Every structure is written in C-alpha cells, then in structure tokens.
Number of protein chains: 2
Amino acid sequence: MEAAVQIDPAATGPAIAPLAVSIGDPAGIGPEVIAKAWAIRAAHRLPAFFAIGDRRSVEAVWGGPIALIAHPSEAVGLFDQALPLLQVDDPGDILPGTPNLAGARCALDSVEMAVGLARSGAASGLVTGPVAKSQLYAIGFRHPGQTEFVAERCGVAAENVAMMLVGPDLRTVPVTIHRPLAKVCEGLTTDLILSRARVVVRGLIRDFGIVRPRLAVAGLNPHAGEGGAMGREEIDIILPAIAILREEGVDVKGPYAPDTMFHAAARAGYDAAICMYHDQALIPLKTLYFDTGVNMTLGLPVLRTSPDHGTAFGIAGQGEANPRAMIAAIAQAGQCARARAAVQAA
Amino acid sequence: MEAAVQIDPAATGPAIAPLAVSIGDPAGIGPEVIAKAWAIRAAHRLPAFFAIGDRRSVEAVWGGPIALIAHPSEAVGLFDQALPLLQVDDPGDILPGTPNLAGARCALDSVEMAVGLARSGAASGLVTGPVAKSQLYAIGFRHPGQTEFVAERCGVAAENVAMMLVGPDLRTVPVTIHRPLAKVCEGLTTDLILSRARVVVRGLIRDFGIVRPRLAVAGLNPHAGEGGAMGREEIDIILPAIAILREEGVDVKGPYAPDTMFHAAARAGYDAAICMYHDQALIPLKTLYFDTGVNMTLGLPVLRTSPDHGTAFGIAGQGEANPRAMIAAIAQAGQCARARAAVQAA
C-alpha cells in the first residue's frame, strides 16, 4: 500500500494533542490493557494518550503510577512518568470480571467524554475500550454498538460511516455488517456500496495521507459470479457502483473473485478492499493479523479506533489480558492523527 | 496439525506406483507446468510421475527430454532421465492459447485414462491438470467439473465426495460449494454437513495417517450467530450435526465465529475446518497459500489432487506459467500415497 505522505511514528511532525482512551467497562480487561500499553509505550513508540474512566478500576489490576489530570493538556507533560487519567463519576466498588450497572454508566460516561474532547480538539482522536452491550442496554442505551453512539454524538447518520479493519498491509471494509448471511443479499445495494466507498476514499486521503486511494471491490458470489452463471449481484448491483465511482474519478477495480484478492501480491495492488459482508472482510484480516487488527470508524469528524476484542470478563483481573490489540489501536490512531495534521498543514 | 504417521517425503517407505498426471487442455498451461515440475523434481523431492496427454503439446512449450512409455511401470526407471509420457489419441496440431475441440477430447481422454490407471493400482494416484469447462461442454461433457467426472468413473455419488483445500498448516472443506451466496442457506442441511464431515474424517485417517482427526466446524453467520440473535442456522442446522458426529466418536468442535478460527494459533487446534460455503473455505486458504494450495478430492477409491488454477490460455506458450501449484499438487499426492501405503501396511 502506498502512503503518499510518509509517516514515521517517531518523526517530529506538527505537534498533536494527546489521544483520549476510554477504558470501556471497568470490570472488563479495558483498564488492564490500557495500563499495560502505557507501561511499554516506549518500545512501541506510542503517542501521548490519557485514559478516561475510573482510577480505582485501574489500580485494582495494575500497580503502576497513575496521574490524575483535570484537562487533556496536562497529559503530554505527565505521560513519561505516569498513566494520565481523567476521572469520570465514581462508580463505586468495581470487581474485575463482575460487571454491574454502575460500571456500565462509567463506560458510557467514559466514551461520551472522549468524543467530546476529540470534537473540541483537546484530544487528537479517541480509542474506545471494550464495552458489554448487554450491560449498556440495561441502563437504557439504544444503539447497536459504540460506533453508532459515537456517530450520533458527532451528528453523523450511521449509514454514512464505514467500519475499516486495518492491518499492517491490508485494510478491509464490510459494506453490509451485522446481518445473518441469509439477509446479506437483501441489504446489499448500489447506493450502500457507493456510500461506503466514498467514505473510505475520503478517510484514506485524510487519515492516511494517500493522495489517490486505490480501491478493490470484492464480488459477492464464488468466482465473482462467473459472469452471471453463479449469481447476478455482481452484474446488477456491484458493477453499477464501480461505474459510478469511476465517473467520480475514483481509482477502483473489481469485482474480484473474493478468494483471490487477499494474498500478499494482490494486497499490494490496492489501499482498501471493499467487501460485501462481515466475514468477507473479517476472515482475511483476522487470519493474517488476529492480535493486531485495528477497528477504525471512518466518516466521523473525529478519529476513532478500537481494539477488535470484547470485555473478556472471564479473564479480567488475572493479569493475563494481552495488550497487543490496544497497543495497535493507539499506535494506529496516533499515526492517523499525524497524517491528518500533515494533510491539513500541507 | 498432528500427523500420527510421520511422513517424510524423502523417506523410503513402502514402494509406491508412480503418479498419473493428466495434462488437462493441451492448449492451456498444463503441459508447461507439468514439464517445469519435472525439471525441478529433485529440488522438491517429487515422487515419480508420468504425464498423460499429447507429446507434441509438451514439445511445443518445452525443450527438455520426454520418454514415451506404454505402461506406468516404465515411468519409475525413466523418471530420472526424462519426463515419462503416455500418449493419448493424437489431437493434431495444438496451438498454445488457442483451444479447440480436438484438444478438449485429448483433455478428457487424459483424465479418463488417469482414473483408470489409478483404479487399477498401476498409478498410486492422479493429479489432474486444468481443463476448460466450456470446451468440454462443446464435446458433450455433462458434469459440473472434473471432480464429478472422476467420481462417476469411480462409481461414487457426487454428494459423497468432499473437496478439501490443503495448505502447509491449514485444510479447509466447503460443505456447500458452487452456489450463489443467496442460495447457500437453502443448500445447507444437517445431512450434508454430516456427509462431508464423515468423508473428511475417513480421508484424514487414510490419506494423512492421522489416527484421530480433529475437526473444527465454522458457523455460517457473523460471530456464529450470537446465540440466534444474528441467524439461527448454527442452532437449527450446525449444532445438531456436531452432536451426531460426537455420538459417532468424532473429535469435533464448533460452531466457531468464522473470522476467528483461521489465525495461526487457531489452526494448530484442528486437522480440518468444515466450512459452510465456498469462500469461507477458500478465502483463508488462498489468503495464506495462494500459489501452493492444493485441491484434493476425498471420498474416492483413488487419490486425486489438482492445482487450484485454470487453463490460463492467455499466457499459454509464453514460458511464463508458474509451476508452484502443480508441484504442490504432485508433492501432496505423493505424500498421501505414502501415508495410504503406510496405513495399509500397519
């Protein structure tokens, strides 16, 4: 993949504000993986960040230094000495592995504050820790997930954002997302492909510094339908979207046979793969980059990444949680924040 | 993956008959990749094999030595000096890249003879070169592909065979195969999952020497349906199949979220992944092993592998065809032939 604006994570580009990292459900592994990421920040050259959440839930799982801050601007100076933390309303006693409603409120406060700080520019982006949807639903949350909540807080309709999975040399975007396989076809429209693809093009330009993004569009059916012999969606739905994108000047190819577009040589030919359904996008990404794939939301005014794992209540508080995905999410947000700053400065 | 019978491709186990390699359409890249595989047989420690097809179509694309044979038994002694070749009826002049009906007849004769020799034991297995279905249809061929033709010649119903994709540390088997995505669900039944899984268990025992094969079954829907919230096929179709297989003593787990079962650590936990549709099986295999994945047909009395590529008429005769997939298919057939001989001898 080509990055027209060269991004070196250690480079001293325009100064960027610290990243806001919401701790997610305080009874999950969020506090632990954020603290562990801070502890090995130097080895991964992580940008300055601060946690938003509950101090005691971090202390319950980690013995390192914490610096309470009142404003994000304090985080940069303190980042070398301690994990900067913005406290939300105290949820009371939180037992790792045992979620409760106070914890769910803490999780929601945490992501809400992170969005607000990112929108104001006090944070250069947000990284969201894992939440438990069932817990959030119990306190009145009415969104399918954090992504839709963040979109609403930013005033963006959910269909105008795109979920992009980011690995070292592969980016994939599902057009339809959380649908049973039997309902993928009825949810797939030319308009939805267009909407996602346009969001992706803008995101690759703004957040990755790619001047002229190259898209590869997957087919829906085996062998991309074999010219209509094995499904007509390529002809009726996907090709019209590709034609319109080309008219708009987008560098886009496809539809490709879904099984032949994700090997190393193929990946080198595009900057993002537009996939027709969840597992078409997720299988190649997680087959290659299970621990380090980053989930990124494009189409928002703010930068947002998240590790692609859940609360893992079953192992919370035992010191066993692997911080690699959180580290990757923070590093990716930092790289994109620098690219965004460089693009704006150019 | 565990191989209980240790198979070293260079080991001197029971002597095995040579492999029969059908050249496929003589105007495609089959002749070239078979000849190239022979030329570097030593580096890849390939077992003795012989080509079945048309001598002149090999000579048209390769300048190396060819030894015409009248019976497979001559191939072993000649294999070090020349590419052994069994001539079928002369198709006349064949121009690489320009298929014709005489070439299609040659391709069909070639695979038919290969099946017969493998069934008789004169060949220890068959490796089928790529054919062009449209050409075969023009001469009256009425099967969806070579696999069904080989199955019929062996007296096995097509639903009682399984297509297995084999890579160095991953084997995947699609339950439904060449269906439009919209028709996957209506083709997926508990009985079909059972039928494929049983064929796979027998194949892993007989052809890979795995005493107690471990199967991992994929879900159909994102996140394996999330307990019915995102599709009910896991509950209604897949779990009943798993329960029956367990009753039969099969070591089987699942259904797994399709995106989290193909990374390296997950792959180490099973010997074959039973997948619900074509691309669920093909995407992970080809993402990891694009050039070297082998297509193997299980459930036949004979061993059969094939390289997972087509005739590539567009590059035929230009010396550019990559023989890696053909080499992998021959090597895999040889390993399985030795394992089969070892299992029978044990």
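These figures come from a predicted structure and were not determined experimentally. Quick note on labels: first sequence line is chain A, next is B, and so on, each numbered from 1.
Contact check for A:Asp279 versus B:Tyr277: side-chain heavy atoms found under the 4.5 Å cut-off. With a 4.5 Å cut-off on side-chain heavy atoms, A:Lys286 and B:Thr260 count as touching. Taking the side chain as every heavy atom from C-beta outward, A:Phe290 and B:Asp259 never approach each other to under 4.5 Å.
In this structure, chain B has heavy atoms under 4.5 Å from both the backbone and the side chain of A:His178. For B:Glu186, no part lies under 4.5 angstrom from a heavy atom of chain A. Heavy atoms of A:Arg179 lying under 4.5 Å from chain B belong exclusively to its backbone. Interface remark: B:Leu285 contributes no atoms to any contact with chain A (heavy atom separation under 4.5 Å).
Of the residues considered (B:Lys183, B:His223, B:Gln280), B:His223 shows the highest number of contacts with chain A, using heavy-atom pairs under 4.5 Å. Looking only at heavy-atom pairs under 4.5 Å with chain A, the residue among B:Ile177, B:Ile283, B:Asp291 that has the most is B:Ile283. In terms of non-hydrogen atom pairs under 4.5 Å with chain A, the most contact-rich of B:Glu226, B:Met230, B:Met261 is B:Met230.
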*Go through A:Thr287 and B:Arg267 one step at a time and tell me if the side-chain contact (heavy atoms from CB on, under 4.5 Å) criterion holds.*
CA-CA 9 Å; A:Thr287 295; B:Arg267 298 197 292 274; 4.2 Å; yes
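In this structure a side-chain-to-backbone donor-acceptor pair under 3.5 Å is present from B:Asn221 to A:Leu181.
When every heavy atom of B:Pro222 is checked against every heavy atom of A:Pro180, the shortest pair comes out as CD-CA, 4.4 Å.
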